[in-house]
Amino acid sequence: MNRCILRCSHFLLLNAFSFTRYTDGSKWKFLEHKGPVFAPPYEPIPSNVKFFYDGKHMKLSPGAEEVATFFAKMLDHEYTTKDIFRKNFFKDWKKEMTAEERAKITDLKKCDFTEMSEYFKAQSEARKAMTKDEKLAENERLLQEYGFCIMDNHRERIANFRIEPPGLFRGRGDHPKMGMLKRRIRPQDIIINCSKDSKHPEPPPGTKWKEVRHDNKVTWLVSWTENIQGSIKYIMLNPSSRIKGEKDWQKYETARRLKKCVDRIRTQYREDWKSKEMRIRQRAVALYFIDKLALRAGNEKEEGETADTVGCCSLRVEHIKLYPENEGLEYVVEFDFLGKDSIRYYNKVPVEKRVFKNLQLFMENKEPDDDLFDRLNTSVLNKHLQELMDGLTAKVFRTYNASITLQQQLKVLTSADENIPAKILSYNRANRAVAILCNHQRAPPKTFEKSMQNLQAKIDAKRDQLSDAKRELKSSKADAKVRRDEKSKKAVETKKKAVQRIEEQLMKLEVQATDREENKQIALGTSKLNYLDPRISVAWCKKWGIPVEKIYNKTQREKFAWAIDMADDDFEF
DNA sequence: CGTGTGACTTAGGATCAGGTGC
DNA sequence: GCACCTGATCCTAAGTCACACG
């Protein structure tokens with residue numbers, strides 16, 4: 001108990017009304033760390049590993065060779081067959097070549113990287129063969145040395161203390177910059193953030209940091225500017241840290257405040273569907289989508305800089321279709337667009353007549369690539385939301401709807417008389433309902449079909465085993481009836497137990513199969529980690545006597561330590 | 001109000017490690 | 001003892017949103 005108090009006291013002493021340690025906007029008073037771990041320097045490949053151009057061996061200069069190895073390492077990936085990837089890569093590669101190389105190497109198709117590729121495959125095989133002690137030792141040393149910092153009297157785990165190594169940029173979806181060279185980050189690119197009175201991290205010998213600053217209004221320890229989009233990257237703390245935990249808690253408290261006023265907000269936006277002002281109607285319909293369908297806000301994006309994806313406010317006319325009647329339902333809207341990470345959102349939903357009529361109006365005289373909500377953007381929408389509730393933004397609706405759905409579904413799906421595996425299936429189904437709402441998809445695992453077959457084979461075997469056991473039970477019963485002695489009675493009991501055990505095992509396997517099948521293309525992790533108030537899950541575990549380890553693994557328990565300590569079995573979101 | 005920037009959360013895929021079944 | 005599979009962890013891209021500036 002004591003340990004628990006010590007562990008959580010650093011922010012559980014605060015309450016829901018004062019989340020943060022400091023009232024002046026500072027995030028910490030003391031911060032000390034060792035700086036980042038740089039990517040290992042380039043190791044030239046052995047001279048017997050050859051690169052061929054137009055069938056002829058060619059020794060590359062170190063700079064050109066390094067970039068060539070980046071491509072070679074990706075040879076098995078579909079990426080390297082894509083035109084844009086190849087074009088971007090070749091352009092950036094040429095920049096690293098010597099003048100002679102550039103003059104000679106003019107066609108990527110004539111480049112043969114296969115020896116390099118084989119070499120790296122062999123290397124990774126060799127690495128696999130290393131004993132785990134060898135691998136672990138180096139990792140552990142780096143982790144202990146660089147993986148922690150001191151922030152306000154606590155030793156905290158750092159999330160990403162390694163600098164991203166150079167390589168070829170892999171964007172998601174149809175990214176116009178895929179294949180570009182992501183350059184190596186050097187000490188002179190690095191900004192260090194720490195407190196003045198801390199021991200500052202030293203740059204590697206003979207190098208200098210770009211800057212050392214002492215900004216306690218931010219939470220990052222290290223930053224640098226990345227060369228593909230020109231955006232800033234950060235080294236920050238692990239989710240188990242006080243600073244991340246408090247923020248997470250705060251996020252769910254904001255969503256709970258939305259719960260209290262969501263009815264009012266819904267009434268209001270329904271009212272606004274009738275507004276005389278187009279701007280307000282658009283705002284109200286967009287908000288309805290965000291609330292009902294858990295769409296993301298949808299910021300504008302710079303054309304040509306990223307893949308063409310949209311969210312609610314950036315939907316275009318081409319992304320929806322209107323059906324006055326469809327499959328026996330009235331006023332159906334069909335959504336089909338690429339959202340974050342170029343994940344497809346496809347949904348057909350019946351909507352209120354007013355919404356439907358408004359959409360028709362918004363689409364009048366527009367081209368397919370015109371904005372659906374031409375009088376709206378995320379900034380306008382969020383300003384409006386801020387007026388409706390302090391701290392309300394578009395994404396709060398996702399958090400709110402995800403969490404409230406989990407809580408409701410758990411109530412509906414959990415039945416008291418089921419055993420633990422069945423209850424966990426119910427939990428996963430509730431989790432799945434949320435993942436579907438939030439459109440959290442995954443590529444079906446490559447081995448899915450096979451592993452499903454394996455599981456089915458196990459189930460069949462278990463069924464056979466069960467019928468054998470039942471037959472044995474039956475005959476032992478018959479036997480006992482004839483003999484009427486203690487020994488045969490006992491035998492019946494034993495057989496009965498065996499049947500029960502096998503039935504339980506079979507049921508467990510069947511549950512597992514159902515769970516896996518239903519989960520084929522759905523990712524549960526994202527909602528569990530980012531949208532579901534962990535106190536709902538903790539309360540559910542406590543209520544039904546489910547060990548919390550069945551729901552959260554070690555990392556998740558660390559991240560949600562605050563909730564595990566805080567929530568009782570009667571917690572209501 | 002529009003635009004750019006910075007800080008932070010959310011996201012799926014790749015890779016790793018450890019357990020399981022043969 | 002080993003191959004295989006799965007869940008955990010790592011990686012870093014891609015979002016959200018506030019705020020400064022003109």
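For clarity, every value in this text was computed on a predicted model and none was experimentally measured. Lettering of chains follows the sequences in order, A, B, ..., and the numbering in each one begins at 1.
Side-chain proximity of A/Arg170 to B/dA7, B/dT9, B/dA14: nearest is B/dA14. Nearest nucleotide to the A/Arg296 side chain, out of C/dG15, C/dA18, C/dT12: C/dG15. With C/dC17, C/dA14, C/dA8 as the candidates, the nucleotide lying closest to the side chain of A/Asn553 is C/dA8. Across C/dT16, B/dA14, C/dC10, the shortest atom-to-atom separation from the side chain of A/Ala297 is found for C/dT16. Considering only the side chain of A/Trp220, B/dA7 comes nearest among B/dA11, C/dA14, B/dA7. Residue A/Arg442 has its side chain nearest to B/dG13 when only C/dA14, B/dG13, B/dA11 are considered.
A/Phe289 pairs with exactly one of A/Phe335, A/Phe397, A/Tyr269, A/Phe337 by the ring-ring contact (aromatic ring centres under 6.0 Å, His included) rule, that one being A/Phe335.
In this structure, A/Thr309 reaches the sugar-phosphate backbone alone: every heavy-atom distance under 4.0 Å involves primed, P, OP1 or OP2 atoms, never a base. Residue A/Lys383 is out of contact with every strand shown, counting any heavy-atom pair closer than 4.0 Å. Heavy atoms of A/Tyr234 sit under 4.0 angstrom from at least one base atom.
Salt-bridge formation is detected for the pair A/Glu66/A/Arg184: a Lys NZ or Arg NE/NH1/NH2 atom is positioned less than 4.0 Å from an Asp or Glu carboxylate oxygen. Between A/Arg283 and A/Asp272 there is a salt bridge, with a side-chain nitrogen of the basic residue lying less than 4.0 Å from a carboxylate oxygen of the acidic one.
Contact annotation: side chain of A/Lys340 to base of B/dT10, donor-acceptor pair present below 3.5 Å.
For A/Thr526 and B/dG12, the shortest distance from a side-chain N or O to OP1 or OP2 is below 4.0 Å.
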